[in-house]
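Contents: one structure, followed by commentary.
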Amino acid sequence: LAQNFAIAAKVTDKSDTAGLGRVTVKAANVYVNTGGSVALGIAAASAGDTVNVAAGTYAESLDVTKSLVLNGANAGVNPNTGVRSAETIIQSALASSDTLNRAFMVSSGNQNVVIDGFKIVGGNPLHDMNNTTVPRTSDVTFTNNITQNCNSIFSGSTTSWDEVVISNNKFVSSNATATTSAMQIQTPRVATVTGNVITNANYAGILLDGVDSATVSGNTIDGTSVQGIQLAGVMGASTIDGNTITNANTSLGADRGAIRLYGSAFTGTTTITGNTISASHNGIAIRNNEDLTGKVINFLGNTITVGTGNSIYHGGTGELNFTGANTINGIAVATASTSELMTVAGTISDAVDVPGKGLVRTKAANVYVTSSNTVANGIAAASDGDTVNVEDGATLVLTTAITKSITFSGNFTITSSSIPTDSTATAVLSSFTSRAGSSVLTANLSGMNANQVAAVNANISSFSSFSGGPVTVVRAGA
């Protein structure tokens with residue numbers, strides 16, 4: 001390679017001056033030496049060629065309009081694991097505020113473009129120029145690059161990109177604007193985002209929207225204002241696997257977190273497996289008002305250590321199944337005891353906390369009501385056949401008769417504030433005691449009116465002890 005660069009340096013052709021002919025040093029290769037022009041090298045190349053760019057700094061914005069492999073000095077060298085030589089630096093010639101401040105632009109249809117081994121400073125590292133005329137016709141690979149103080153890698157709605165691979169890159173301080181993410185990829189057919197290291201993004205790490213098939217795996221993300229990884233829009237089959245996310249959602253957004261899902265428009269199975277999340281505000285977050293009813297979202301082998309906020313925030317509707325082999329704050333959810341699952345429930349925000357929201361299910365056919373919540377919320381969140389496990393101290397106020405086929409598990413004290421004061425008291429209390437299962441029930445009659453005392457008397461066999469007043473026992477046949 002060095003010899004070819006040396007030979008090319010002694011030749012003047014169209015890669016040096018527009019309008020000249022091309023001299024080929026090696027078949028299907030063009031060489032741009034330090035101080036030359038990458039744009040002229042691209043213009044000199046034929047479709048299918050490799051443009052090799054020597055180490056140095058190039059103040060250019062490059063419009064790639066044909067199928068090419070663009071190799072910087074560190075092509076093939078992963079910046080996260082390998083030892084790099086002097087860099088090929090692309091630094092846009094435009095002002096940082098210019099919307100056309102883009103290092104590489106790939107917008108034409110029917111292309112296959114590979115960008116490998118560069119360092120990009122400022123501007124968008126890669127952009128589709130919002131071209132909507134040739135949707136999903138070009139394949140783009142961005143690999144083994146370093147970006148520093150850049151804007152997002154970006155593709156818009158109805159992008160020209162078809163298969164997108166973003167792999168083994170190092171994104172350092174994606175901070176060009178307040179809403180800069182490392183990447184915002186919309187509507188290609190396939191997106192594969194693997195092995196990247198992202199540190200300090202002003203907005204998010206990885207944003208995918210409207211992708212037919214997506215894989216996000218083996219990425220490390222540290223420091224995002226909002227979500228680390230997000231899936232939105234009409235997502236087909238998607239996998240988020242083996243990522244490590246720390247310090248996500250530093251802005252403390254209520255429905256944001258390390259991994260954020262929309263969900264209403266998802267069409268394929270979403271698999272979230274083997275991710276490690278820590279020191280973030282919310283681990284898994286479902287965006288407010290999204291409907292997960294009927295969606296297949298599988299969680300397996302994830303480890304969440306709560307920083308602030310919740311391990312799981314469910315701001316939408318529909319049930320979220322988290323019964324698999326996941327770990328939350330050191331508790332293995334699939335094999336956890338009731339007390340451990342109650343501890344886990346204390347880290348979750350869902351229907352038991354906010355009526356009308358969706359339930360996060362950590363054990364099949366079970367709902368968990370912590371001491372800071374209400375039994376009424378647990379009833380509302382439960383489905384027929386569920387056991388509602390209630391921690392001591394949870395508020396018990398029954399206003400209407402329970403109609404669901406559920407069972408309660410816990411220790412309960414019925415007081416004057418637990419049941420209605422009118423003639424419905426007996427029916428309401430009976431609907432509870434008949435579903436008490438092996439729960440321990442006591443009654444404190446202090447302050448109860450006649451209707452409430454009558455309700456206790458009607459259910460007297462359900463109670464293990466009484467306090468606060470006399471109880472009349474009416475025997476059969478008396």
Side-chain angles (χ1 to χ4, degrees), residues 77-82 115-120 124-126 140-148 150-155 161 163-175 180-186 188 190-209 211 213-232 235 237-250 256-261 270-285 298-305 307 326:
V77 181
N78 186 333
N80 305 307
T81 60
I115 299 165
D116 187 348
F118 291 85
K119 181 176 181 180
I120 299 162
N124 294 96
L126 177 63
V140 182
T141 298
F142 188 85
T143 187
N144 299 319
N145 300 294
I146 298 172
T147 77
Q148 183 175 324
C150 284
N151 211 324
S152 310
I153 291 178
F154 181 86
S155 69
W161 299 354
E163 293 192 33
V164 179
V165 177
I166 301 175
S167 64
N168 301 334
N169 300 289
K170 184 176 184 178
F171 296 85
V172 181
S173 298
S174 300
N175 59 8
T180 293
S181 303
M183 65 196 74
Q184 182 178 352
I185 307 299
Q186 301 174 79
V190 179
T192 303
V193 182
T194 61
N196 302 285
V197 174
I198 299 168
T199 55
N200 299 325
N202 272 11
Y203 194 69
I206 299 168
L207 301 177
L208 299 183
D209 187 343
V211 183
S213 177
T215 300
V216 182
S217 66
N219 301 285
T220 299
I221 302 172
D222 184 6
T224 61
S225 177
V226 290
Q227 44 273 16
I229 298 171
Q230 176 176 283
L231 303 182
M235 295 294 299
S238 303
T239 299
I240 300 176
D241 173 61
N243 302 283
T244 300
I245 306 172
T246 56
N247 297 305
N249 193 20
T250 58
R256 303 176 186 273
I259 297 176
R260 188 193 197 208
L261 307 177
T270 302
T271 302
I272 300 176
T273 179
N275 300 285
T276 301
I277 297 169
S278 63
S280 297
H281 186 77
N282 299 334
I284 307 294
N298 299 318
F299 295 89
L300 185 66
N302 301 287
T303 299
I304 302 173
T305 303
N326 301 285

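- For the atom pair CD of Gln148 and CD1 of Ile120, the computed distance is 11.5 Å after rounding to the nearest 0.5 Å.
- Residue Asn168 holds its CG atom at 9.0 Å from CG of Asn219, rounded to the nearest 0.5 Å.
- Scanning for side chain to side chain donor-acceptor pair (under 3.5 Å) contacts around Asn249 gives Ser251, with sequence neighbours left out.
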request  = Kindly determine whether Asp209 and Gln184 satisfy side chain to side chain contact (heavy atoms under 4.5 Å, CB included), including the steps that lead there.
outcome  = CA-CA 8 Å; Asp209 187 343; Gln184 182 178 352; over 6 Å; no
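- Applying the side chain to side chain donor-acceptor pair (under 3.5 Å) test between Asp222 and each of Asn247, Thr199, Asn200, Thr244 identifies Asn247 as the sole match.
- With contacts defined as side-chain heavy-atom distances shorter than 4.5 Å, the pair Ile259/Ile272 qualifies.
- Heavy-atom minimum distance, Asn243 versus Ser217: OD1-C, 3.5 Å.
- The shortest side-chain heavy-atom distance between Val190 and Val164 does not fall under the 4.5 Å cut-off.
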task = Could you check Val140 against Leu126 for side chain to side chain contact (heavy atoms under 4.5 Å, CB included), going step by step and ending with a plain yes or no?
result = CA-CA 10 Å; Val140 182; Leu126 177 63; 3.6 Å; yes
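- The residue from Asn175, Asn202, Asn151 that alone fulfils the side chain to side chain donor-acceptor pair (under 3.5 Å) condition with Thr180 is Asn151.
- Of all non-hydrogen atoms in Ser155 and Gln186, the two that sit nearest each other are OG-N, 2.9 Å.
- In this structure, the side chains of Ile153 and Phe171 come closer than 4.5 Å at one or more pairs of heavy atoms.
- The closest side-chain heavy-atom distance from Ile221 to Thr246 is not below 4.5 Å.
- Residues Gly228 and Ala248 share a closest heavy-atom pair of N-CB, 4.1 Å.
- Taken from OG1 in Thr270 to CG in Asn298, the straight-line distance is 8.5 Å, to the nearest 0.5 Å.
- Between Asn275 and Ile245, every side-chain heavy-atom pair lies at or beyond the 4.5 Å cut-off.
- In this structure Arg256 satisfies the salt bridge (charged side-chain N to carboxylate O under 4.0 Å, His left out) test with no other residue, sequence neighbours excluded.
- A distance of 9.5 Å separates CG in Leu261 from CE in Met235, rounded to the nearest 0.5 Å.
- The ring pair (Phe, Tyr, Trp, His ring centres under 6.0 Å) check on Phe142 picks up nothing, with sequence neighbours excluded.
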Verdict with supporting geometry, Val77 and Asn144, side chain to side chain contact (heavy atoms under 4.5 Å, CB included) = CA-CA 6 Å; Val77 181; Asn144 299 319; 5.8 Å; no
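- Using a 4.5 Å heavy-atom threshold, the side chains of Ile198 and Met183 count as touching.
- The two residues Val211 and Ala214 make their nearest non-hydrogen contact at CG1-CB, 4.1 Å.
- Pairing each heavy atom of Trp161 with each of Phe154, the nearest pair is CH2-O, 3.3 Å.
- Checking Thr143 against Ser167 by side-chain atom types alone, a donor-acceptor pair falls below 3.5 Å.
- Across Thr224 and Tyr203, no two heavy atoms sit closer than the pair CB-O, 3.5 Å.
- Applying the side-chain contact (heavy atoms from CB on, under 4.5 Å) test between Thr141 and each of Thr192, Val165, Ile166 identifies Val165 as the sole match.
- Expressed to the nearest 0.5 Å, how far OG1 of Thr273 lies from CZ of Phe299 amounts to 11.0 Å.
- At least one side-chain heavy atom of Ser152 sits less than 4.5 Å from a side-chain heavy atom of Ser181.
- Partner of Asn196 under the side chain to side chain donor-acceptor pair (under 3.5 Å) criterion, chosen from Asn78, Asn145, Asn169, Asn80: Asn169.
- Rounded to the nearest 0.5 Å, atoms OG1 (Thr215) and CG (Asp241) are 8.5 Å apart.
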